[in-house]
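To keep things clear, I will list the structure first and then write my remarks on it.
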Number of protein chains: 2
Amino acid sequence: MSKNHSPRKKQFLDESLKMIHEKGYKATTMRDLAERMGFEVSNIYNFIESKEALLESYLFQISEDFHSGIDHILESSYSPTEKLKALVSLNIRLTSTKPYQVGLLVNEWRNLKEPKLTRFVERRGEYEDKVRIIIREGIDSGEFRPFDMDIITHAVLSSVRWIYYWYTDHSEEVNPVELEKQLTEFILSGVVRPEAKNSIKRT
Amino acid sequence: MSKNHSPRKKQFLDESLKMIHEKGYKATTMRDLAERMGFEVSNIYNFIESKEALLESYLFQISEDFHSGIDHILESSYSPTEKLKALVSLNIRLTSTKPYQVGLLVNEWRNLKEPKLTRFVERRGEYEDKVRIIIREGIDSGEFRPFDMDIITHAVLSSVRWIYYWYTDHSEEVNPVELEKQLTEFILSGVVRPEAKNSIKRT
DNA sequence: ATATTAGGTGAACAAATGTTCATAAACCGG
DNA sequence: CCGGTTTATGAACATTTGTTCACCTAATAT
């Protein structure tokens, strides 16, 4: 067994991650990866067990990051609104740290094979349930509007799902503080100005 | 050349669409499709030119549907807020009519090959620009909050991108009217109650 | 009745793909 | 200098994949 991170292995893992993000898992062949690294295909198997195992490690790593992040939020004494803010913050922090892993999390999880696929989907379900808990709290306490639980959970999750794109394909520099502020404002208060809302109601 | 839609061809196109949505384009082989239809692989080529052309037709069809939809909205005399509402409505209408196509639009466009890939990405860019116009109008008129254009455009687009999931994987019955109401409320006004917002400010 | 078209078969193909194996430099701590 | 670990090669492999071709059958329109 090779120790976890020889410099060359780390380099390979980083490049592969990027390439899989760019081309997609299925479209990225072992020969593509080898060519990118400048060596022969067979050498890959000195670093990893299989293509499948490669994807698995990326996905479950980042998945657990999100879990431990949201667990801390749930255990906090924050109000629902503050928890939701913390959730946006978590998403931006993790995405800025590991943008390509987050990209895989969004796009490539379906390439997992059984039984890992089932395990992943279950784990993702657990994460969604944790988000649901925050929203449930907010609605019950009257802090949030009385939305349909499933719809609003999906809407909130979806609102932060595109962030990885900002950090990967969008080459310009990103200001995470501003991003967090804007996204939080959108999720908490929507796009319409309160004054404008009133004037519409009056009309 | 076969005429556009013999009954068997239509049946094949429908089943293929579903299967590609379920397994992903790359993971769906011609033999998979044939087996699902209960005939041999070679027969597929009596209906379509190639696997590639199959994906292209699905994607550009639905893409143009979205374009003609948003064009009507832009040409209308609606206020920015009403245009945004109409955009949500458009998304729900198209997604409820063609849920699997919308699924492909979200997940499988990257499997297009050049030069179609470039054309698709350009076209998608044009669509995003049209959304941007609505938001720009709203901000300029003071109806919307003064958000960063790129961030808010992505956030809005992202908020409606998950709907297909509701119609494909989520087997329970969907009430499109309620979905539209809730999603519109979320995008326009966010999750937090205005009263709650005030009480937080006061505290 | 005949010619055309829609629907279908089975074999074959070249190319691409993930993986294995035996082998060999190169590097490095002792 | 030695022995182990790291990094690399190249050939070979069994499968899988998209596609083609010659050929067949049944319906349908003229």
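The model shown is predicted, which means the values in this text are computed figures rather than measured ones. All heavy atoms count here, side chains included; hydrogens, waters and symmetry mates do not. Throughout, protein chains are lettered first and strands after them, A, B, ... in sequence-line order, and every chain is numbered starting at 1.
Side-chain polar atoms of A:Asp14 and A:Gln11 form no donor-acceptor pair below 3.5 angstrom.
The side-chain hydrogen bond (donor to acceptor under 3.5 Å, both in side chains) test applied to B:Arg93 returns no partner, not counting sequence neighbours. Checked against side-chain contact (heavy atoms from CB on, under 4.5 Å), A:Asn175 has the following partners two or more places apart in sequence or in another chain: A:Val177, A:Glu178. Residues that satisfy the salt bridge (Lys or Arg N to Asp or Glu O under 4.0 Å) test with B:Arg161, not counting sequence neighbours, are absent from this structure. Not a single salt bridge (Lys or Arg N to Asp or Glu O under 4.0 Å) links A:Lys181 to another residue, sequence neighbours left out. In terms of the side-chain contact (heavy atoms from CB on, under 4.5 Å) criterion, residue partners of B:Gln101 (sequence neighbours excluded) are, by chain and number, B:Leu17, B:Gln61, B:Ile62, B:Lys98. The ring-ring contact (aromatic ring centres under 6.0 Å, His included) test applied to B:Tyr58 returns no partner, not counting sequence neighbours. Considering only residues two or more places apart in sequence or on other chains, B:Glu35 meets the side-chain contact (heavy atoms from CB on, under 4.5 Å) condition with none of them. A search for side-chain hydrogen bond (donor to acceptor under 3.5 Å, both in side chains) contacts involving B:Glu82 returns B:Ser79, not counting sequence neighbours.
Rounded to an integer number of Å, the gap from A:Phe39 CZ to D:dG10 P is 14 Å. In this structure, the CG atom of A:Asn43 is 16 Å from the P atom of C:dC21, given to the nearest Å. Between the CD atom of A:Gln11 and the C1' atom of D:dT6 there is a distance of 14 Å, given to the nearest Å. What separates CD1 of A:Ile44 from P of D:dA8 is a distance of 11 Å, to the nearest Å. The nearest whole Å value for the distance from the CD1 atom in A:Ile48 to the P atom in C:dT19 is 7 Å. Between A:Met37 atom CE and D:dT9 atom P the separation is 11 Å, expressed in whole Å. In this structure, the CZ atom of A:Arg8 is 13 Å from the P atom of C:dC27, given to the nearest Å. Distance B:Glu40 CD to C:dA6 P: 21 Å, rounded to the nearest Å.
Counting non-hydrogen atoms of neighbouring residues, nucleotides and ligands closer than 6.0 angstrom, the NZ atom of B:Lys85 reaches no more than 12 such neighbours.
For B:Asn46 and C:dA6, a side-chain-to-base donor-acceptor distance below 3.5 Å is absent, hydrogens and geometry of angles not being considered.
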Please convert DNA chain C into dot-bracket. A pair counts if it is Watson-Crick or G-U wobble with both distances under 3.5 Å; crossing pairs go in [ ] and bases paired with another strand get |.
|||||||||||||||||||||||||||..|
Base versus backbone protein contacts along nucleotides 12-30 of chain D [heavy-atom cut-off under 4.0 Å; B, S, -]
-----BBBBB---------
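Identified under the ring pair (Phe, Tyr, Trp, His ring centres under 6.0 Å) test for residues 64-102 of chain A, with sequence neighbours left out: A:His21-A:Tyr100, A:Phe66-A:Tyr127, A:His67-A:Tyr127.
Near DNA chain C, meaning a heavy atom under 4.0 Å from it, residues 109-117 of chain A has no residue at all.
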